[in-house]
Amino acid sequence: MAEGNWHAADIDRVIVGEDQIRDKVDELAKQVAADYATADSVLLVGVLKGAVMFMADFARALGRHGPPVEMEFMAVSSYGQGTTSSGVVRILKDLDSDIAGRHVIVVEDIVDSGLTLSWLMKYLQSRRAASVEVVALLRKPDAVKVTVPVKYVGFDIPNEFVVGYGLDYSERYREVPYVGVLRKSVYAQS
Ligand code: PRP
């Protein structure tokens, strides 16, 4: 039976700690609140599943700083070969509401190749949003294949296999409260 903090042994090193995440989420929310001070509301679009933790914390931080928030979630899947994303995206869960005229902010846990986001931005613009911006907690500059204008970025991180705070390896580690590099021995076994 796994005990509390079972995951510590699988993590090589912490890249972004819990306190750093909390401070950065608040800082990003303050920036967004200032930029959207005159907006009636913003529509946060979270990209499942990785963004759930960031979405929950970021929405609450915006609740402290304003403006009013509404939330939507999308789930998408890349048609890729193996681990390589092709940039062609399939919608698994679409928006529930019409976003025409809305100020949309896409909430992403990580921008890796940028392919998911690049596709998503075009999709949301085609749905006639008034504006579409992106807030991403993490970005891997060395992994980028397509440049996407991400207005709000939390941390640029090295191109390593990271898990935690929503990010998974084989659906595990999402609940880990910090972002850390997964030990190679964990994924070399399978
Ligand atoms: C991850 C992450 C982003 C995307 C980024 O999602 O949450 O949505 O990949 O990668 P990209 O910049 O190379 O397109 P994933 O497809 O692993 O699904 P998940 O969030 O359900 O884990």
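Computed from a predicted structure; not experimentally measured. Note: hydrogens, waters and symmetry copies are ignored here, and every other heavy atom, side chains too, is used. Counting starts at 1 for both ligands and their atoms, following the listed order.
The shortest N/O to N/O separation between Gly114 and ligand 1 falls below 3.5 Å. Between Val111 and ligand 1, a contact under 3.5 Å exists for no N or O pair.
The pair Lys30-Glu27 does not meet the salt-bridge criterion, since no charged nitrogen lies less than 4.0 angstrom from a carboxylate oxygen. Comment: Lys140 does not engage Glu160 in a salt bridge, judged by the lack of any side-chain N to carboxylate O separation of less than 4.0 angstrom. Salt-bridge annotation for Arg64 and Asp26: present, with a side-chain N of the basic residue lying under 4.0 Å from a carboxylate O of the acidic one.
Under a 4.0 Å criterion applied to the non-hydrogen atoms of Leu115, ligand 1 contributes the atoms 12 (O), 14 (O). Below 4.0 Å from some heavy atom of Ser113 lie the following atoms of ligand 1, by number and element: 11 (P), 12 (O), 13 (O), 14 (O). Of all atoms in ligand 1, listed by their number and element, those nearer than 4.0 Å to a heavy atom of Leu48 are 20 (O), 21 (O). Atoms of ligand 1 found under 4.0 Å from any heavy atom of Asp109, numbered from 1 in the order shown, are 2 (C), 7 (O).
Remark: Met74 pairs with Val45, Val76, Ile91, Asp94, Leu95, Leu120, Tyr123, Leu124 by the side-chain contact (heavy atoms from CB on, under 4.5 Å) rule, at least two apart or across chains. In this structure, Asp142 has no salt bridge (Lys or Arg N to Asp or Glu O under 4.0 Å) partners at least two apart in sequence or on a different chain.
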Evaluate Val132 against Val106 for side chain to side chain contact (heavy atoms under 4.5 Å, CB included), listing each step before the verdict. CA-CA 7 Å; Val132 183; Val106 179; 4.2 Å; yes

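Contacts of Glu171 with ligand 1, taken as heavy-atom pairs under 4.0 Å, are absent altogether. At a heavy-atom distance under 4.0 Å, no atom of Lys145 approaches ligand 1.
At least one heavy atom of Ile110 sits less than 4.0 Å from an atom of ligand 1.
Taking the six-membered ring for Trp, Phe161 and Tyr187 have ring centres closer than 6.0 Å.
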